[in-house]
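Have a look at the structure below, then the notes.
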Amino acid sequence: MNNFLGQEVTDPTDFGDDKLSKLDASLRCPICKEFLDGPVNLNCGHSFCSLCIRGSLQAKTECPCCRSHALESHLKKNLALEESVISWKAARPVVLAAMTRPSSPPAAAADDERPTKKRRLNTTPSGSGSSKRSSFASTGNGNADTPIELASSPPPHDDSSPAPSPGDLVVCPACSKRVQLKRLNEHLDRNCKDTPVPRLEPGKGLGNFFTRPSESNPPSSSSSTASKSKAKPREPIAKFSYDAMKVHHIKAALAKYDLPQTGAREALVVRLQHWVEIYNANLDRREALQHSDASLRAELKRWEDAQAHLLAKGKTEVPEDIGAYEDAHKADFADLVKKARANSLKAKAQSQQQPNTPAISKTASQSQTAVSPLRRIDEDVIVVD
Amino acid sequence: MAAIAPRRLTKELKELTMGECPAGVQLLQSADFETWVLSLEVLGESLYKGEVFALRFRFEPQYPIASPEVTFIVDDKFKAPIHPHVYSNGHICASILGHEWSPVLGVASVCITLQSMLASCKKRERPPDNDRYVRTAPASPKKSRFHYDDDTV
């Protein structure tokens, strides 16, 4: 059952430990229960995958967690949360492996904590255990503190007095290389691996905080032709008012994003709607994780196929050529008609045998469908005649 | 959105089978991702002490954006509880199954809500319009428009 989809499905219950399960659960989207993908916040502070909450808001304009009013325009991406999710995803298998290792599983250490503390006051036998625990804790703390210590303590050269300007070289708190201040965030985001010329598109990321006004993105560029918009940093697509659009408007919008323009109006609208959703949701991922337009198009195609498949499953199939279908199944139809006639004759015979039964017989009043009692009444009327 | 339902249900199933199942709730059938059956029992002192009910969940492909269809099973083995919000055909009048559904809810939370709905009941009776509703009810309670008027039970 678990490999129903041919892939492993991870879940907070993978950790027997309560605290770790909670940590795991806290980094998941409450809607899809997956790790947050392009996490966004609402005004109330709750976070979801960008795509999930967009779907939910389309159904209902409220926060699924607290029911406070929410709109798609309120969505704000949460880069720090995304960072935590990515780090946890990487750390998860390590933690799981460490837990299954027989020697000193961290969960057990945490459980020991309270009893040993109490006992330590009176007796010493548990000393070995507690010392082991404390050493474990201290190394843990040391590891956790290292980056923070470095970050908070000023670099060796004591030049803390004048605030450095964006162009100045500063010492990176993590790798102690010299980096331009305006590039520092970018540099840290890359785990201190420097690319030759960090030319992250200037419109996005933290790095642009300092450089925005000069050259980055003149706002006029957004509404130009489609070919231009590809080279520029991607902008979210503004919502269309589908009801007011003529079919050729919708097709033009689809053409702008290189999407298929087949199907009836309804299909076009659904396609464009979902495209806007996944396109905008994609922009809430960090730049490095954003999908290309081509793969978004593939995603849209997959979604449409799945949707069509599900719809087909829900409906009974309607034959295309009804005449041919009738010819092919003539015998079946005749058979059904014969059976129905026989049944109705039988029913008549029965009701004639007991002509004094009241209009609504016991069975009819018990049955829950509205149709059968009515038919009963009709038959009785016929009998009376 | 279509891809969420099976994955999310897999996770819920895992949670229910890994012992996170709420007390008094048991998974009876979950062979596919369309219909699940769970048994429901009200623990502690209540009007339904000792009775076991069965709930049928039907999931649409749009789940969890769309609410699941939840009914009490009425057959030879199980009966619908006699409760002012439960019709004798098993349909349940509960706002969280209708317009107050939220995608953060799930199978477990629905079960808990229904448990507490039963536990807080003061009087065993059918809804006042039970006969009329049952006679004309659509097959799926999601198609009927309930009027939620009583917040106390």
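Since the model is a prediction, treat every value here as computed from it, not as a measurement. Numbers restart at 1 for each chain; the letters A, B, ... are given by sequence-line order, proteins then strands.
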Notebook entry, point to check: Would the number of heavy atoms belonging to other residues, nucleotides or ligands and lying under 6.0 Å from CD of B/Q26 be above 12?
Noted result: no
Checklist line | Test item: A/E62 and B/E100 side chains (from C-beta on) under 4.5 Å apart, heavy atoms | finding: no
Note to self: Quick check for you: to the nearest 0.5 Å, what is the distance between A/I53 atom CD1 and B/I65 atom CD1?
What the structure shows: 7.5 Å
Item checked: Heavy-atom contact with chain B under 4.5 Å, split by part of A/R67 -> side chain
Next item on the list: Nearest 0.5 Å please: distance from the NZ atom of B/K11 over to the NZ atom of A/K33.
Entry: 10.0 Å
